[in-house]
Amino acid sequence: MVRCLEDLLNIPNPNIKMRLAVAAAEDSDVMKAVNEAKKLDIIEPILFGNKSKIEEIAIQIGMGLENIEVCDCADLIESAEKAVGSVSIGNAQFLMKGLVDTSILLKAVLKKERGLRTDRLLSHVMVYSPKTYHKLLFLTDGGMNISPNLKEKEQIIMNAIEVARALGVSPVKIACLAAKEKVDDKMEATIDAANLVKRGKEGIFGNDSIVGGPMALDLAVSKEASRIKRYESQIAGDTDILMVPNIEMGNGIGKTLTYMAQAESAGIIMGAKIPIVLVSRADEFKSKLYSIALGSMIARNSNA
Ligand code: COD
């Protein structure tokens, strides 16, 4: 079981290394993380982007490019297209966002002709290890789906459960967040949360998961708050996955964990044929390294 994100760097590696295509690799922290992951034998990288900038950064950070494929691209769109193209044809087993905008990369992934879509929704899953919480905390979806409907939320939960299970979480406890605990006709998040709990009881998320909600964030992560508010739930104060109703709440909780609680993190997009490592450009080197390790583990699981 993975108890902290550092554990991701110590998962025994089989002989086959996963090849990672990095879109717009010309970023110092991205290249440092890629270099470290290569040294740890987690990946074999292919770098797409502005070749002269990549070479310049490689010198600055002491990264040898002798055995690394570097593909020169004219701009960010070409970097995204070519990196996506390399996973489409099987040259790489997973993809990472470098300096390119999230939406540019995701639009390239979503093009039908690339063959990377499945019948599932693509969604973003973050994993945090806040010092103030007793276990890893998963957050979804603060990175891709802007305002998902009920059906999309079901798939967002399924994608996050897949990541939690890959890290050994069992049972998986999912809190469907809203602004309050009672269903309110004026608040769609509360209505959807109640429906998701119902769907969970019907078994669509598997036997090993418990869905709760609607609930506010304090009840999801604090037993004390739940006791004071007399809120009874198997998952109160012991949530694994925070499922947010929209991208703004997800983005806000994620940035708060990073900047106010100094929580380390890893981020990934699930639901495509391959995992996509997606972290904010401002995220530090460690977060990028953990995300690569997480992506490599998921890619290995799906190639096994
Ligand atoms: N999963 C699977 N297919 C999808 C998804 C998804 N999540 N989203 C769209 N599609 C399919 C649609 O069914 C359609 O066939 C095609 O892709 C295009 O759909 P559009 O026109 O709705 O999508 P786009 O290309 O305009 O936008 C998709 C994005 C993911 C780019 C968009 O939703 C987006 O910009 N999300 C926010 C990303 C972001 O900026 N995050 C910032 C925080 S890091």
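Both ligands and their constituent atoms are indexed starting at 1 by order of listing. In this chain, numbering begins with 1 at the start of the sequence shown. What you see is a predicted model; the values in this text were computed from it and never measured.
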For atom 44 (S) of ligand 1, grab the closest protein heavy atom and report residue, atom and distance to one decimal in Å.
Thr102 OG1, 3.8 Å
Pairwise side-chain contact, Ile268 with Met126, heavy-atom cut-off 4.5 Å (strictly under):
no
Sub-4.5 Å side-chain heavy-atom contact between Ser79 and Leu105
no
With a 4.0 Å cut-off, strictly under, does atom 21 (O) of ligand 1 pick up any protein heavy atom?
no
Would you mind telling me if ligand 1 is within reach of the side chain of Leu121, the backbone, both or neither, using heavy atoms under 4.0 Å?
both
Asp27: partners by side chain to side chain contact (heavy atoms under 4.5 Å, CB included), with sequence neighbours left out
Asp29, Val30, Leu99, Lys288
Might you confirm whether atom CE of Met260 has over 12 heavy atoms from other residues, nucleotides or ligands at distances under 6.0 Å?
no
Side-chain heavy-atom pair Val169, Phe138 within 4.5 angstrom cut-off:
yes
Which atoms of ligand 1 sit under 4.0 Å from any heavy atom of Asn145?
7 (N)
For atom 10 (N) of ligand 1, state whether the nearest protein heavy atom is under 4.0 Å away.
yes
Protein heavy atom at shortest distance from atom 23 (O) of ligand 1:
Leu110 CD1, 4.8 Å
Can you check whether Ser103 has an N/O within less than 3.5 Å of an N/O in ligand 1?
no
Who's the nearest protein heavy-atom neighbour of atom 41 (N) of ligand 1, and how far?
Gly143 O, 3.0 Å
Going by the 4.0 angstrom heavy-atom rule, the piece of Leu278 near ligand 1 is neither
What is the closest protein heavy atom to atom 27 (O) of ligand 1, and at what distance does it sit?
Lys107 NZ, 4.3 Å
Any protein heavy atom sitting closer than 4.0 Å to atom 36 (N) of ligand 1?
yes
Do any N/O atoms on Arg117 end up under 3.5 angstrom from N/O atoms on ligand 1?
yes
Under 4.0 Å from atom 29 (C) of ligand 1, is there at least one protein heavy atom?
no
Donor-acceptor pair between Ser123 and Asn159 side chains, under 3.5 angstrom
yes
Which residues satisfy the side chain to side chain contact (heavy atoms under 4.5 Å, CB included) test with Met249, sequence neighbours excluded?
Leu177, Val244, Pro245, Asn246, Ile253
Of the listed options (Ile146, Leu106, Leu105), which comes nearest to atom 34 (C) of ligand 1 when hydrogens are ignored and any heavy atom counts?
Ile146
for atom 33 (O) of ligand 1, nearest protein heavy atom and its distance come out as Met144 O, 3.7 Å
Heavy-atom gap Gly271 to ligand 1 smaller than 4.0 Å
no
With distance as the sole criterion, is a donor-acceptor pair present between the side chains of Asn145 and Ser147 under 3.5 Å?
no
Looking at side-chain heavy atoms only, is the closest gap between Phe94 and Ile276 below 4.5 Å?
no
Does any N or O of ligand 1 fall below 3.5 Å from an N or O anywhere on Ile247, backbone included?
no
What distance separates Glu69 CD from Leu47 CG, expressed to the nearest 0.5 Å?
9.0 Å
What do we get for Leu122 next to ligand 1 when only non-hydrogen atoms under 4.0 Å count, side chain, backbone, both or neither?
both
Minimal non-hydrogen separation, Phe48 against Cys73, with atom names
CB-SG, 4.1 Å
